[in-house]
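One structure is given below, encoded as structure tokens.
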Amino acid sequence: MPSVQEKGPTTLYDKIYAHHLVDGQTIYIDRHLVHEVTSPQAFEGLRNAGRIVRRPDCTLATVDHNIPTSSRANYKNAKTFIEEEDSRIQCLTLEDNVKAFGLTYFGLGDSRQGIVHIVGPEQGFTLPGSTVVCGDSHTSTHGAFGALAFGIGTSEVEHVLATQTLINKKSKNMKIEVNGALLPGVTSKDIILHIIGKIGTAGGTGAVIEFTGSTIRSLSMEARMSMCNMSIEGGARAGLIAPDETTFEYLKGKPLAPKYESPEWNSALKYWRTLKSDPDAVWDIEVYVDARDVVPTVSWGTSPQDVVPITGKVPDPSEFGDSVARQRVVRALEYMGLAPNTPMQEITVDKVFIGSCTNSRIEDLRAAAKVVKGRRIAPNIMRAMVVPGSGLIKKQAEREGLDKVFLDAGFEWREAGCSMCLGMNPDILSPQERCASTSNRNFEGRQGAGGRTHLMSPAMAASAAISGKLADVRGFTFGAAEPEGAGGVPKTIIEAEHPDPVTDEDMDRIDDIPIDEEASNADAAAREDTSSASAVGVGIPKFLTLKGIAAPLPMANIDTDAIIPKQFLKTIKRTGLGSALFFALRFNPDGTENPNFVLNKEPYRNTKILVVTGPNFGCGSSREHAPWALLDFGIKCIIAPSFADIFFNNTFKNGMLPIAIDDSAALDKIARVAEMGKEVEVDLPNQVIKDGDGNELAKFDVEEFPKHCLVNGLDDIGLTLLIDDKIKEFEKKRTLEYPWLDGSGYLARRKRGNGPVKITAAKVPTTNRGFEKEITEW
Ligand SMILES: CC(C)[C@H](C(=O)O)[C@@H](O)C(=O)O
Ligand code: SF4
């Protein structure tokens, strides 16, 4: 809050962090987005501990990952619509949870449903200067509004649901400044791919990136979101951009933003205008990019850092000096079915996917349609799909005639969802199929087991669909047939920017829905008394010393998709995932064991400690299923040179210990003991690693607070609820200074007159097809 004293020049991140400090490292969370994959176990935890959702008005839920993107013309309910059983159970579990806990929810029958990171900004739920979290790594997207937005694991989802706070260690400050005008054909996706190629997927580890510079300032909000979205692929905790007139313009008329030109809007605007880094702020890391160096960029390998200009070639492993890196490139090329030095534009494509939280906004669809208009997809393209990010974007695109442009060219026009970005629904690649994709991850098996992903911008994916090969969008002419306006659609339509704002009449209609007074009064009373039974923690297993077989794993950048692939994320439990651990590495495509993988050899079937010698373990997705799978296999401790931030946090919450050893000589010593199949002992209280005979191998560092929790088996939700008076005090201050952050959820908009906000849950409607006719939040 402004009352917080800041010493010396600070960055935007420093300011937002300071404004949200409740106590120690506990920060207040303004906005919590929830989806079906990472929430079931969190709600189960709440129930088991007898806790409630502290701020339903600051919580918004939707379904996106598991849902089919086929036509909803005959949609009745999720139960009959979702054929795949595990997916259906996960979606229905979310429905049950939003009903039970009284949360706002956009279900499949609601045109506001969509990918969680598209929905938040579109609704004005995401606001400058706020803290935004979601059980999803691409929460970084919301940083485009000058918000501190980051992904969390399921235990932290539970923590936020229960306390509306998180224990969050301050990150480093990293500045990425991009200056200069963009060359023709270059988009924000090319800039971010170029940056990740430059800094690597671990380049931003432990840092929050602020994107600055004249190029960034010139970008639209959609383009800024695409950039911040992929900060996580650069390893950062979050990415943000200082809000400016472009931001404020975007927020005007958004349903959950303060009403344009109201006193609330004016005071919010006054505050938002202060949100910038001081000119003399000090940065821990600085990166400078000249926009003129950025050309249309594509990925060639299985990590988002594996990028080249479209005019370039597949790299030769011999160009990579270090042996871990060289081995990784050899493996990546083998997986991708590519020969070194092949010109990128000679690579033939089988499928095209235009969608995902990176690039499925209206501007992305316009850019792709501009390339596609009047053309046909190449005969070798087996499937080309456009999956709008939300129902509202889909409607807007249809109003502009973009659906017709795509359909005429041979594309499929689908319903909103994550779709082939990760293929948790039926939209997947078959083994060896090659896809030109606008998504953000090209990990092995990401879009389907054995599938091969090339990342690129929407215009480049559209060019690939038309050419049948990876292609340079700059080679396309848009000729005389091209009407005026960006995206090749008439200007007047483009200017109809904000799809379907929810009007006051809509809100009145929502208010008229009868509510279950008894249930909601009970809820409200429970919310008043957040400190009672809820503060009793359930605890985590204690970690003191651990002695056992240690398995060596000489690999770098092991992502959480590799630790546990998406098909195993459909569970609503935390247990039983050991058999899925390192699935693609442990098992051959025919289901037999790969005898060469370390965990399939003796004595490593009994591994308790994993010794990884390559950096950046656990990068990528926030799925807590990764530590759950390790734990279920029997691994309680992972030693590695470095870890991705979200994975690192997630392990502690499960009573596991991640140890970062950046001294390579010490790490080698431990790895040698592991290679010999001997035992290793980890002593947490004394912070030392020994061999089985008690000889010291290395000392290690660990943060005081997580160590305290591990050694004593303490549940940090219980601990946080002990400072409930401080949270309440913070909330009071927030209401006074930032009134627009309270009650901007649809639920709280039931408030009448100047009375206190009464959060109530509406009755569940019998069907929920279409926002226009029926109400879908409970
Ligand atoms: C399922 C979810 C945990 C995951 C993420 O955190 O990123 C998903 O969205 C992804 O893109 O892999
Ligand atoms: S990265 Fe893909 S799967 Fe993850 S939230 Fe975005 S669209 Fe969904």
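Of the inter-residue distances, the one linking Asp190 atom CG with Ser226 atom OG reads 10.5 Å to the nearest 0.5 angstrom. Between the CE atom of Met382 and the CG atom of Asp350 there is a distance of 5.5 Å, given to the nearest 0.5 Å. Between the CG atom of Leu599 and the CG atom of Asn606 there is a distance of 10.5 Å, given to the nearest 0.5 Å.
With no hydrogens or angles considered, no side-chain donor-acceptor pair links Asn380 and Thr348 at under 3.5 Å. No side-chain donor from either of Asn229 and His117 sits under 3.5 Å from a side-chain acceptor of the other. Side-chain contact annotation: Glu624 with Asn654, donor-acceptor N/O pair under 3.5 Å present. For the residue pair Asp693 and Asn695, no side-chain donor N or O sits within less than 3.5 Å of a side-chain acceptor on the partner.
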Q.
Show, in sequence, the C-alpha distance, side-chain angles and deciding distance for Trp300 and Leu470, and conclude whether the side-chain contact (heavy atoms from CB on, under 4.5 Å) test is met.
A. CA-CA 11 Å; Trp300 54 264; Leu470 299 184; over 6 Å; no
Q. Given the rule in the side-chain contact (heavy atoms from CB on, under 4.5 Å) test, do Phe647 and Ile638 qualify, once you have shown the distances and angles that lead to the verdict?
A. CA-CA 11 Å; Phe647 176 85; Ile638 306 111; 4.1 Å; yes
(Q) I'd like to know whether Glu233 forms a side-chain contact (heavy atoms from CB on, under 4.5 Å) with Arg441, so could you lay out the CA-CA distance, the side-chain angles of the two residues, the decisive distance to 0.1 Å, and finally the verdict. (A) CA-CA 8 Å; Glu233 272 66 51; Arg441 290 185 174 144; 2.8 Å; yes
Q: List the steps and the verdict of side chain to side chain donor-acceptor pair (under 3.5 Å) for Thr545 and Glu681.
A: CA-CA 7 Å; Thr545 58; Glu681 184 176 347; 4.5 Å; no
Q | Stepwise side-chain contact (heavy atoms from CB on, under 4.5 Å) test for Ile563 and Arg623 | A | CA-CA 10 Å; Ile563 300 173; Arg623 57 192 72 169; over 6 Å; no
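Between Gln41 and Trp628 the shortest side-chain heavy-atom distance falls below 4.5 Å. Using a 4.5 Å heavy-atom cutoff, the side chains of Gln90 and Val37 are in contact. With a 4.5 Å cut-off on side-chain heavy atoms, Phe582 and Leu610 count as touching. Annotation: side chain of Ile609 is in contact with side chain of Val682 (closest heavy-atom distance under 4.5 Å). For the pair Pro706/Cys709, no side-chain contact is recorded, criterion being any heavy-atom separation below 4.5 Å from C-beta on. Looking at heavy atoms from C-beta onward, Thr302 lies in side-chain contact with Met336 at the 4.5 angstrom threshold. With a 4.5 Å cut-off on side-chain heavy atoms, Arg237 and Asn168 count as touching. The closest side-chain heavy-atom distance from Lys566 to His65 is not below 4.5 Å.
Heavy atoms from other residues, nucleotides or ligands lying under 6.0 Å from NZ of Lys313 number 12 at most. The environment of Lys601 atom NZ is dense: over 12 non-hydrogen atoms of other residues, nucleotides or ligands sit within 6.0 angstrom. Sparse packing is recorded around CG of Asp701, with 12 or fewer heavy atoms of other residues, nucleotides or ligands lying under 6.0 Å away. The 12-atom threshold is not exceeded at CZ of Arg331, counting heavy atoms of other residues, nucleotides or ligands nearer than 6.0 Å. By the 6.0 Å contact criterion, CD on Glu85 is open, its count of non-hydrogen atoms from other residues, nucleotides or ligands being 12 or less. Crowding of Glu334 atom CD: a count of heavy atoms from other residues, nucleotides or ligands under 6.0 Å not exceeding 12.
Ion pairing between a basic and an acidic side chain is recognised when a charged N comes within 4.0 Å of a carboxylate O; Arg446 and Asp559 show no such pairing. Remark: Arg328 engages Asp306 in a salt bridge, criterion side-chain N to carboxylate O under 4.0 Å. A salt bridge links Lys169 with Glu703: the closest approach of a Lys/Arg side-chain nitrogen to an acidic carboxylate oxygen falls below 4.0 angstrom. Of the charged side-chain nitrogens involved, none lies within less than 4.0 Å of a carboxylate oxygen, so that Lys653 and Glu158 do not count as a salt-bridged pair.
For Val133, the side chain to side chain contact (heavy atoms under 4.5 Å, CB included) partners two or more places apart in sequence, or in a different chain, are Ile29, His32, Phe150, Ile152, Val160, Leu166. Checked against side chain to side chain contact (heavy atoms under 4.5 Å, CB included), Thr201 has the following partners two or more places apart in sequence or in another chain: Ile196, Ser303, Pro304, Gln305, Asn557, Asn616.
Taking the six-membered ring where the residue is Trp, Phe643 and Phe617 present perpendicular rings, their angle passing 60° and hence far from 30°.
In this structure, Gln687 contributes its side chain and Lys699 its backbone to no donor-acceptor pair below 3.5 Å. Using modelled atom types, one side-chain atom of Asn650 and one backbone atom of Ser622 make a donor-acceptor pair closer than 3.5 Å. A distance-only check finds a donor-acceptor pair linking the side chain of Asn442 to the backbone of Gly301 [under 3.5 Å]. No donor-acceptor pair closer than 3.5 Å links the side chain of His138 to the backbone N or O of Ile232. A donor-acceptor pair under 3.5 Å is formed between the side chain of Asp691 and the backbone N or O of Gly694. Looking only at distances, a side-chain donor or acceptor of Lys189 sits under 3.5 Å from a matching main-chain atom of Met456. Between the Thr651 side chain and the Leu657 main chain, no donor and acceptor come within less than 3.5 Å of each other. The main-chain N or O of Pro552 is never found under 3.5 Å from a side-chain atom of Glu675 such that the two would form a donor-acceptor pair. A donor-acceptor distance shorter than 3.5 angstrom exists from the side chain of Ser140 to the backbone of Cys228, with no hydrogens or angles considered. Judged by distance alone, the side chain of Asp322 and the main-chain N or O of Val324 form a donor-acceptor pair under 3.5 Å.
Of all heavy-atom pairs between Ser439 and Thr358, the closest is C-OG1, 4.0 Å.
Each of Arg434, Met385, Met420, Gln447 was checked for a side chain to side chain contact (heavy atoms under 4.5 Å, CB included) with Lys351, and the lone residue meeting it is Met420. Of the candidates Ile67, Asp86, Leu569, Asp64, Met424 forms a side chain to side chain contact (heavy atoms under 4.5 Å, CB included) with just one, namely Leu569.
Each salt bridge (Lys or Arg N to Asp or Glu O under 4.0 Å) pair with one or both residues in residues 625-648, not counting sequence neighbours, would appear here, but there are none.
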